[in-house]
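Notes follow the structure.
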Amino acid sequence: VQLQASGGGLVQPGGSLRLSCTVSGNIFTIKHMGWYRQAPGKQRELVATVDTGGTIKYADSVKGRFTISRINTKNTVYLQMNNLTPEDTAVYYCNAPGTYDSGGYIDDFDAWGQGTLVTVSS
């Protein structure tokens, strides 16, 4: 099981970016998909998650500015980030736990993407 994330980059304060992440492999189910971030010198923190049924959670710091969405049929999750501030600068990681076909039996996975850097600076 692999997660491939993309969409990071350098943006000015007030700007926007959209991150995307796709899960590949012999996926059986995905419980939820989400985004986390880790700023320099800080612990990794939750940004937003969305489960299969569409229930969404956001960190308080991004509510009203970020929007998470998911296309279940494509095993893809997006994070639309608007009105970015320098405090949003971090490496963003996507995460997806679920189950997969491990050669004839179903096993659990909890996979992370490679991280994509978002830098907000003028």
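- The hydrophobic cluster containing Ile106, built from Ile/Leu/Val/Met/Phe/Trp/Tyr side-chain heavy atoms closer than 4.5 Å, also comprises Phe28.
- The side-chain heavy atoms of Thr49 and Trp35, taken from C-beta on, include no pair separated by under 4.5 Å.
- Note on Tyr92 and Ile56: same hydrophobic cluster, where clusters join Ile, Leu, Val, Met, Phe, Trp and Tyr whose side-chain heavy atoms are under 4.5 Å apart, directly or indirectly.
- One hydrophobic cluster, built from ILVMFWY side chains closer than 4.5 Å, cannot hold both Trp112 and Val47; they sit in different ones.
- For the pair Leu3 and Ala111, the tightest heavy-atom approach, listed with the atom from each and the gap, is CD1-CB, 3.3 Å.
- Within the structure, the disulfide bond (SG atoms under 2.5 Å apart) test picks out no pair touching residues 37-74 (sequence neighbours left out).
- Under the disulfide bond (SG atoms under 2.5 Å apart) criterion, the residue pairs touching residues 59-113 are Cys21-Cys94, with sequence neighbours excluded.
- Each salt bridge (Lys or Arg N to Asp or Glu O under 4.0 Å) pair with one or both residues in residues 39-55, not counting sequence neighbours, appears once here: Arg37-Glu45.
- Listed by first then second residue, pairs satisfying disulfide bond (SG atoms under 2.5 Å apart) with a partner in residues 25-81 number zero, not counting sequence neighbours.
- Listed by chain and number, the residues in a ring-ring contact (aromatic ring centres under 6.0 Å, His included) with Tyr58 amount to none (sequence neighbours excluded).
- Under a hydrophobic clustering in which Ile, Leu, Val, Met, Phe, Trp and Tyr are joined whenever their side-chain heavy atoms come within less than 4.5 Å, directly or via other members, Phe66 and Met33 fall into the same cluster.
- Residues Ala96 and Val23 come closest through the heavy atom pair CB-CG2, 4.0 Å.
- Note that CG of Leu19 is 4.0 Å distant from CE of Met81, once rounded to the nearest 0.5 Å.
- By the side chain to side chain contact (heavy atoms under 4.5 Å, CB included) test, Ser69 pairs with Tyr78, sequence neighbours left out.
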- Query: For Ile68 and Val77, what are the C-alpha separation, side-chain angles and deciding distance, and is it a side-chain contact (heavy atoms from CB on, under 4.5 Å)?
  - Reply: CA-CA 7 Å; Ile68 190 170; Val77 63; 3.7 Å; yes

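- Screening residues 99-122 for salt bridge (Lys or Arg N to Asp or Glu O under 4.0 Å) gives no qualifying pairs among residues at least two apart or on separate chains.
- Evaluation of the disulfide bond (SG atoms under 2.5 Å apart) test over residues 44-77, restricted to residues two or more places apart or in two chains, returns none.
- Residues Tyr36 and Asn95 come closest through the heavy atom pair CE1-CB, 3.9 Å.
- Screening residues 65-80 for salt bridge (Lys or Arg N to Asp or Glu O under 4.0 Å) gives Arg65-Asp88 as the qualifying pairs, with residues at least two apart or on separate chains.
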- Item | Working for side-chain contact (heavy atoms from CB on, under 4.5 Å), residues Leu79 and Thr67 | CA-CA 6 Å; Leu79 185 68; Thr67 302; over 6 Å; no

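- Sorted by first and then second residue, the side-chain hydrogen bond (donor to acceptor under 3.5 Å, both in side chains) pairs involving residues 2-16 (not counting sequence neighbours) are Ser6-Ser20, Ser16-Asn82.
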For residues 114-122, which side-chain N or O atoms pair as donor and acceptor with protein atoms under 3.5 Å away, sequence neighbours left out?
from: Gln114; atom 1: OE1; to: Ala5; atom 2: N; distance (Å): 3.3
from: Gln114; atom 1: NE2; to: Ala5; atom 2: O; distance (Å): 2.9
from: Thr116; atom 1: OG1; to: Gly8; atom 2: N; distance (Å): 3.1

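- Ile30 has its side chain within reach of Ile27: a pair of non-hydrogen atoms, C-beta onward, lies under 4.5 Å apart.
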